[in-house]
Protein chains: 2
Amino acid sequence: MSTERIFNFSAGPSVLPLTVLEQAAAEMTNYRGSGMSVMEMSHRSKVYLNIFEEVKSDFRRIMKIPDTHEILFLHGGATLQFSGVPLNLIGKTGKADYAVTGNFSGLAAKEAKKYGEINIACDTEDKNHTYIPPQSALKLDPQASYFHYCSNNTIYGTEWKYVPETGDVPLVCDMSSNIMSIPVDVSKYGLIYAGVQKNMAPAGAAVVILDKSLAGHEHPLTPKLMSYKINIDGDSMHNTPPCYTIYMLGLVLKWLDTQGGIEGMEKIKAAKAKMLYDMLDESKMFVGCAEKEARSDMNVTFKTDNEELDNKFIKAATAAGFENLKGHRVLGGMRASIYNAMPTEGVEALALFMRDFERNN
Amino acid sequence: MSTERIFNFSAGPSVLPLTVLEQAAAEMTNYRGSGMSVMEMSHRSKVYLNIFEEVKSDFRRIMKIPDTHEILFLHGGATLQFSGVPLNLIGKTGKADYAVTGNFSGLAAKEAKKYGEINIACDTEDKNHTYIPPQSALKLDPQASYFHYCSNNTIYGTEWKYVPETGDVPLVCDMSSNIMSIPVDVSKYGLIYAGVQKNMAPAGAAVVILDKSLAGHEHPLTPKLMSYKINIDGDSMHNTPPCYTIYMLGLVLKWLDTQGGIEGMEKIKAAKAKMLYDMLDESKMFVGCAEKEARSDMNVTFKTDNEELDNKFIKAATAAGFENLKGHRVLGGMRASIYNAMPTEGVEALALFMRDFERNN
């Protein structure tokens, strides 16, 4: 049994800041003199409500969320919102636009077809999702109830570098894998959602940030726990929320403050990503999977020119303490997920390890 | 700041075994030499799948679940199942029976009305939900797709002492607040579900145990994450499950083994409940809210004859280290939730405190 922590490049659930984990451990049996664990607290108790309110206000401050928008902490991850978004929003016109630039945006579009008429605004499958289309290539329906896209494609390692212009059609964005890594002008969005397990907290919740004026028009068969209106009215406590996950999110937000907030994080993550992409650009063995201008700063996908060598690399990297570098099964190769909590030292060490591997193979 | 743990009588989320919390804290930054926290593990990784499989097999063993039934670990708590049950099961005949014996069973029935024709098999509101009707009083519809009841009513402190006989109509039971406190013949049930945050784990998941033959007939608008069929096919990993909550559930199951399993727990919980009910029966100040034959062994509800004295008691008890004894707002008075993880010493101490309070007031 090792007492050392490894560098964990998992795409999600993923690495959390060590200081956050240490604090959670220290507070586990007795949260700040309350005599109980956060896990044991009634969600209606004063001690828990204080935690909840602080998480919510830190979240609002850090993401600069305007008063027009509500923050919801919900069960179910992003996948439940694949259904929740159309159930709540598509009723306006019965139609919606979906940009398909990867696996999860494709799944979101497929699910939405159950609830209305879906216009595929773009589909990057023609080049195996290696690129993000420019604004001019988006086929927009002015009658759409909303336009849905996924800002970062975890599996393919691509990231939108611009915010689509959709006129009066509300923007809906799945930001699961790059939320809080770059500043976002929330006022441009009708709705932002994100599973927490990549860049914010352990798995088991989703954050939904929505323009309150969009709520209240859900399909009559919407499960009540999926109604944005009911969740706004109940302040995310229509039922018992995932209390401990929300507490962990709060600890991560405090840690984010120590990194200079999202502005600080943007610089750090850009520097981390540059280290790996520079290495790929110089390498004669490794090649990035995504087109250069679409490269994700969160998920770096790369390959060698043969699968056997890929496997040798993954095995050697694992033995050296770099975990979860195997690419997703649909793409193969390697993927280094370098979310906010991945220490710069981890990325430096990986880049060095890759150079050494190339020299010796 | 106190370093002492208090006795936490919260109705949910609620007390967890101290040894479980201590183990979680000890394993927080490095789970058994893996170099990472369970919170950070990919749900598809070998190290996490080993945890998951062990939780599932322990659960099956401890609850003696036959092979005809699948165990699902789902997002959303019991409330999402209020919608999930009818979405998946009511299609058979378009009708279902609901026994209303408290707040949550009433909410479940209300939600089900969105999806089909609901026959209220009984409603104990006539006596403010202080009793459980006998079998002979249940108005059963032989055409029902299923019969739904809630085996323990957290707010009112009543508990079903028998399993309803419904012929060929599948039994569906919300066991959120007494699961794993008494042996259950799972083969009698079409479906059992429970939010985990009362008797099993921190909030943020639900367990669904269902006869596999009932799955696959969901309403076409069912959100895919709520389809039992999809969750069976994906072994609860259609999306990222609430991984850490499932791990905590696993630690609680190991603890349950040290208590003699469910059979051991049944004796312990009966003895704990008897202490409080004996006290109430002897008391001239406190009176139980539920009818004697319907008394819950998990949630003991009681009152004095005036609200001011109730408040004085709650305040004094809190000062003495007995937390969360205030009754639910719909019933008033007091409630001591004495789930599996409430130590016998806590119940003994509360009974003593109540006697002292009565003597001095």
Side-chain angles (χ1 to χ4, degrees), chain A residues 1-6 8 10-16 18 21-22 24-25 28-30 32-33 35-37 39-43 45 75-77 79-80 82-84 87 111 114-115 195 197 202-205 219-221 223-226 238-245 248 321 323-324, chain B residues 1-6 8 10-16 18 21-22 24-25 28-30 32-33 35-37 39-43 45 75-77 79-80 82-84 87 111 114-115 195 197 202-205 219-221 223-226 238-245 248 321 323-324:
Chain A
M1 298 228 320
S2 167
T3 54
E4 297 284 313
R5 292 208 3 123
I6 48 79
N8 175 14
S10 171
S14 33
V15 60
L16 289 163
L18 179 57
L21 294 170
E22 285 169 343
M28 180 63 83
T29 61
N30 189 342
R32 302 181 195 180
M36 58 184 121
S37 176
M39 292 185 182
E40 302 175 299
M41 292 175 183
S42 164
H43 57 299
S45 66
H75 297 272
T79 301
L80 198 60
F82 292 174
S83 324
L87 275 166
E111 179 70 0
K114 292 204 289 215
Y115 305 107
Q197 76 276 10
H219 190 286
L221 294 189
K224 66 174 179 166
L225 203 60
M226 295 177 71
H238 178 73
N239 80 335
T240 313
C243 299
Y244 194 75
T245 308
M248 287 298 302
E323 283 273 358
N324 293 311
Chain B
M1 298 228 321
S2 168
T3 54
E4 297 285 313
R5 298 220 344 135
I6 47 79
N8 175 14
S10 171
S14 32
V15 61
L16 289 163
L18 179 57
L21 294 171
E22 286 169 342
M28 180 62 85
T29 60
N30 189 343
R32 302 181 195 180
M36 57 184 120
S37 176
M39 292 185 182
E40 302 174 299
M41 291 175 184
S42 165
H43 56 298
S45 65
H75 297 272
T79 300
L80 198 59
F82 292 174
S83 324
L87 275 167
E111 179 70 0
K114 291 204 289 211
Y115 306 106
Q197 76 277 10
H219 189 286
L221 293 189
K224 65 174 181 166
L225 203 59
M226 296 177 70
H238 178 72
N239 80 335
T240 312
C243 300
Y244 194 76
T245 307
M248 288 298 301
E323 284 273 358
N324 294 311

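Note on naming: letters A, B, ... go to the chains in the order of the sequence lines (proteins, then strands), and numbering restarts at 1 for each one.
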Q197(A) versus chain B, heavy atoms under 4.5 Å apart: side chain, backbone, both or neither? side chain
Best-contacting candidate, G12(B), S83(B), A11(B), G76(B), against chain A by heavy atom pairs under 4.5 angstrom: G76(B)
Residues two or more places apart in sequence or in another chain: which of them pass salt bridge (charged side-chain N to carboxylate O under 4.0 Å, His left out) with K114(B)? E111(B)
Counting heavy-atom pairs under 4.5 angstrom with chain B, the leader among P242(A), A25(A), A205(A), P13(A) is P13(A)
Are H75(A) and T240(A) packed together at the side-chain level, in the sense that at least one heavy-atom pair is separated by less than 4.5 angstrom? no
Check whether any side-chain heavy atom of N8(A) sits under 4.5 Å from a side-chain heavy atom of S14(A), and report yes or no. no
Can you tell me which portion of T29(B) sits under 4.5 Å from chain A's heavy atoms? Options are side chain, backbone, both or neither. both
Name all residues meeting the side-chain contact (heavy atoms from CB on, under 4.5 Å) criterion together with T79(B); count only those two or more places apart in sequence or in a different chain, and write none if there are none. K224(A), L225(A), H238(A), N239(A), F82(B)
T245(A) versus chain B, heavy atoms under 4.5 Å apart: side chain, backbone, both or neither? neither
Report which part of M36(B) has an atom under 4.5 Å of a heavy atom belonging to chain A: side chain, backbone, both, or neither. both
What pair of heavy atoms forms the shortest contact from M28(B) to L21(A), and how long is it? CG-O, 3.3 Å
